[in-house]
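Input: a single structure, listed below in structure tokens.
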There are 2 protein chains.
Amino acid sequence: MTGITTKENLLDTAERLFAESGVKETSVRDITKAAGSHLASVNYHFNTKYGLIRAVITRRTGPLKKRRFELLDEYEAEVGDNAVPVEKIIYALVAPSMELYLENPHFLRFAGRMVSDPDKEIRRIFLGELDPVFFRVKDLLKRALPEMPEAEIMWRIHFTIGALIHTWTNHSDLELRSGGVCDITNEAEIIERIVTFCSAGLKAPSSE
Amino acid sequence: MTGITTKENLLDTAERLFAESGVKETSVRDITKAAGSHLASVNYHFNTKYGLIRAVITRRTGPLKKRRFELLDEYEAEVGDNAVPVEKIIYALVAPSMELYLENPHFLRFAGRMVSDPDKEIRRIFLGELDPVFFRVKDLLKRALPEMPEAEIMWRIHFTIGALIHTWTNHSDLELRSGGVCDITNEAEIIERIVTFCSAGLKAPSSE
DNA sequence: GTCTATATGGGGATAGAC
DNA sequence: GTCTATCCCCATATAGAC
């Protein structure tokens, strides 16, 4: 009981501090102090600091992947033998992560940085979680855009992911730069903006 | 003479190591050892490690900003009183950075990470360098897309920057994932792909 | 300007009492 | 499971000889 609480507490605290200050910049001492725990608790519950990092990540990426697949399954069921529209495919990629942001404002900022983290193992965890989604999205887009060369489709998914990640990590900069004109509190609106932008990009005539 | 060489050598070495392993992960010891210098040289030439980081960044961002403005000036001169086409505006935003990548493959990977760096001061340097370009691009796009609400334009520039940065940091992942189908050696082709994708996104009808 | 030796502080991990 | 004391290593920065 108490063990579970301490463990969850460490995960929550680490997630917050990682998002605020970075993984390398946050010491085990910082985490245990903020969590009101003792220094050895991280090693007791997660073996190493790295084990804690891994646990912080996988706790969120599992449900995220699941939700994306659920949406894509649903859309495929709806259309029967027809192709799922591009907008819906992109929505399934974008919306679950933005909803996760609502539930937990810390994780995605952290996650966005991890995507290009210098530590190969950390990148591997993320990109590994993203891979199945990437290929599922690619296959669905091939059906929706039968004339588009496969390489072009993959490049465009890559750009879409970039737009999404940059929104995770830096949308507050946009709010600042725009003097508040760009509202970042309405998640549904942001999702719609990304979907509109990226769907148009995906459907643009290929130059090949 | 020798001083300049040592200094440049430290900058080059630091840039490479920062890109490969991260700023926090790279110690002054690592840098001076790899540069064939002595431990105190960084403090001698740059005062602190932070001074070195700053020098590594500003050495590249200055020329990058300059080149973007040159291109935009050129395009504005070409069209006289008409609006610069969206494609050209985006090209001026994208191409100089990808050309920088050709000259120096290390910097942009490093730079892409710095955009979302937990260290506020490092982020500030980057976003400060980007700000004038952002607003210039915004003003030009307002003329090219007179019906588009300003907030929507700014969001779409934000997505464009995201696609660009993700390409800086992660295009080798795309090559891997695609099994080599996506070729990352042809810079001109990548530039064209980003410009096509983002221009279409920018011109998509606004839902507002 | 170059370099060595060192000051000073913080890091992750663990032993072992409770 | 909890917690303290401690081991050992590595960080940045500097003093001072050359």
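Atoms considered below: every heavy atom in the structure, side chains included; atoms not considered: hydrogens, waters and symmetry mates. In what follows, chains carry the letters A, B, and so on, assigned in the order in which the sequence lines appear, proteins first and then strands, with residues in each chain numbered from 1.
Two residues are said to be in side-chain contact when any heavy atoms from C-beta on lie closer than 4.5 Å; B:M114 and B:F18 fail this criterion.
Closest approach to the A:R29 side chain among C:dT6, C:dG12, D:dT4 is made by C:dG12 (side chain taken as heavy atoms from C-beta onward). Minimum atom distance to the side chain of A:H45 is reached by D:dT2, of the listed D:dT2, C:dT2, C:dG11. When each of C:dA13, D:dC3, D:dG1 is scored by its nearest atom to the side-chain atoms of A:Y44, the top-ranked nucleotide is D:dG1. Residue B:N43 places its side chain closer to D:dA13 than to any other of D:dA5, C:dT2, D:dA13.
We find that B:R109 and B:E20 are not joined by a salt bridge, their nearest charged nitrogen and carboxylate oxygen being 4.0 Å or further apart. No salt bridge links B:E103 with B:R60; every basic N to acidic carboxylate O contact stays at or beyond 4.0 Å. Between B:E129 and B:R124, none of the side-chain N atoms (NZ, or NE/NH1/NH2) sits under 4.0 Å from a carboxylate O, so this pair counts as no salt bridge. Remark: A:D12 does not engage A:K7 in a salt bridge, criterion side-chain N to carboxylate O under 4.0 Å. Salt-bridge annotation for A:R136 and A:E76: present, with a side-chain N of the basic residue lying under 4.0 Å from a carboxylate O of the acidic one.
When each of B:T48 and A:A40 is assigned the nucleotide of DNA chain D with its nearest heavy atom, A:A40 is the one assigned upstream, toward the 5' end.
Distance, A:L10 CG to D:dT2 C1': 12 Å, rounded to whole Å. As a whole-Å value, the separation of A:I53 CD1 from C:dG12 C1' is 11 Å. In this structure, CZ of B:F46 is placed 16 Å from C1' of D:dA13, rounded to the nearest angstrom. Going from atom CG of B:L39 over to atom P of D:dA15 covers 14 Å, rounded to whole Å. Rounding to whole angstrom units, NE2 of residue B:H38 and C1' of D:dA13 are separated by 14 Å. When the P atom of C:dG10 is taken as reference, atom NZ of A:K49 falls 15 Å away, rounded to whole Å. If you take CD1 of A:I31 and P of C:dA13, they are 11 Å apart, rounded to a whole angstrom. Atom P of nucleotide D:dG1 and atom CD of A:E8 are separated by 13 Å, given to the nearest angstrom.
Within residues 16-28 of chain B, the residues that have a heavy atom under 4.0 Å from DNA chain D are, in order of number, B:T26, B:S27, B:V28.
Applying the 4.0 Å criterion to OP1 and OP2 of D:dG1, one finds that A:T6 has every side-chain N and O outside that range.
Remark: A:R177 qualifies as a cation-pi partner of B:F134 under the 6.0 Å distance and 45° angle criteria applied to the six-membered ring.
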